K.L.:
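I'd like to ask you about the structure that follows.
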Amino acid sequence: MSRKVIIAGNWKMNKTAAEAKALVEELKPLVANLDADVVVCPTFTSLTAAVDAAAGSNVKVGAQNIHWAENGAFTGEISAEMLKEIGVEYVIIGHSERRQYFGETDATVNQRLKAALAAELTVMVCVGELLEEREGGLTEQVLGTQLRGGLADLSQQDMAQVVIAYEPVWAIGTGKTATPEMAEETHAYVRKVLVDLFGSETAETVRIQYGGSMKPGNSAELVGQVNIDGGLIGGASLKADSFAELIKNAVS
Ligand code: PGA
């Protein structure tokens, strides 16, 4: 089964609208002929600038979060429909920083995911274990719980719009990457859970990204693993040349 590589840049709380526009303009020619889904995820206020700059190219734009309600009294929140309207096609849900700092749980991941699917956004759902969980031998248990809770009630059809991002929390922004073997072992486990939930035919089609200090120097080896189908990139996605090089190496 060949799954198309998907590489997304999670810009986090970086890049003003003007900076986002400039970065997308610089990135477009560098990734124009690469056989991968290329996504950039700027902050909310930079989305329109990024969508406009990416128009007609193979760079797609995603948001970093959404609220689960369609509209209503939720001061400070943004709905899936609002993003869809301005040309956003992807959204990251359940990033570890949202779980750690903003009280995100598997239940709220599930609610946001359903809202995103209803608006026909493609979702990158993040899962990953903490260092103490890895060291305590709890990685599979933690991931199983996150996946079963986050993906609760979804159908096989829904999974066509879902990408899983496995991001070991201890590897995010730390410069520590899981070895390709360690990452592959965990990705294989994630796929096993997907088989349990949705059957093997569907599970084989779902793309699983690795995230956590992926760089131009390690993307080829990581994405070369059987169950690693791309990456969710923080730091290395903030410069066009390094991000393009990372993608080029990943698809090589
Ligand atoms: P990093 O972040 O590439 O800077 O480690 C990845 C992420 O948080 O998605």
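Counting begins at 1 with the first residue of the sequence. Given the structure is predicted, the values throughout are model-derived calculations rather than measurements. Just so you know, ligand 1 is whichever comes first in the structure, and atom 1 is the first atom listed for that ligand. Note that these values count all heavy atoms, side chains included, but never hydrogens, waters or copies made by symmetry.
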K.L.:
Tell me which protein heavy atom sits closest to atom 7 (C) of ligand 1, plus the residue, atom name and distance to 0.1 Å.
P.N.:
Glu167 OE2, 3.1 Å
K.L.:
Look only at interatomic distance and state if Glu97 has a nitrogen or oxygen under 3.5 Å from any nitrogen or oxygen of ligand 1.
P.N.:
no
K.L.:
So does Arg148 pair up with Asp106, basic N to acidic O under 4.0 Å?
P.N.:
no
K.L.:
Are the side chains of Val223 and Val5 in contact, using a 4.5 Å heavy-atom criterion?
P.N.:
yes
K.L.:
Using the side chain to side chain donor-acceptor pair (under 3.5 Å) rule, take Ser155 and Asp158 through it: C-alpha gap first, then chi angles, then the decisive distance, then the call.
P.N.:
CA-CA 5 Å; Ser155 68; Asp158 289 333; 3.3 Å; yes
K.L.:
For His95, counting its heavy atoms only, list the atoms of ligand 1 lying under 4.0 Å from any of them.
P.N.:
7 (C), 8 (O), 9 (O)
K.L.:
Tell me yes or no: between the side chains of Glu104 and His95, is some donor less than 3.5 Å from an acceptor?
P.N.:
no
K.L.:
Counting both backbone and side chain atoms, is some N or O of Ala236 under 3.5 Å from an N or O of ligand 1?
P.N.:
no
K.L.:
Pick one of side chain, backbone, both or neither for how Asn10 approaches ligand 1, counting any non-hydrogen atom pair under 4.0 Å.
P.N.:
side chain
K.L.:
If you measure from each non-hydrogen atom of Cys126 to ligand 1, which part falls under 4.0 Å: side chain, backbone, both or neither?
P.N.:
neither
K.L.:
Can you list everything that forms a side-chain contact (heavy atoms from CB on, under 4.5 Å) with Leu130? Sequence neighbours excluded, please.
P.N.:
Glu132, Glu133, Val169
K.L.:
Run the numbers for me: atoms of ligand 1, each under 4.0 Å from some heavy atom of Gly212, listed by number.
P.N.:
5 (O)
K.L.:
Under 4.0 Å from a heavy atom of Ala171: which atoms of ligand 1 are those, numbered in the order shown and with their elements?
P.N.:
5 (O)
K.L.:
Using distance alone, decide if ligand 1 has a nitrogen or oxygen within less than 3.5 Å of any nitrogen or oxygen in Gly235.
P.N.:
yes
K.L.:
What residue and atom, counting heavy atoms only, is the protein's closest point to atom 3 (O) of ligand 1, and at what distance?
P.N.:
Gly234 N, 2.8 Å
K.L.:
So which heavy atom on Glu167 is nearest to which on Cys126, and how close?
P.N.:
OE1-SG, 4.1 Å
K.L.:
Do Lys12 and ligand 1 have an N or O pair less than 3.5 Å apart?
P.N.:
yes
K.L.:
With a 4.0 Å cut-off on heavy atoms, is Gly173 touching ligand 1?
P.N.:
yes
K.L.:
Taking all atoms of both residues into account, what is the closest heavy-atom pair of Ser219 and Leu246, and its distance?
P.N.:
OG-O, 2.8 Å
K.L.:
Looking at Lys4 and Asp229, is there a salt bridge between them, counting it only when a charged N and a carboxylate O are closer than 4.0 Å?
P.N.:
no
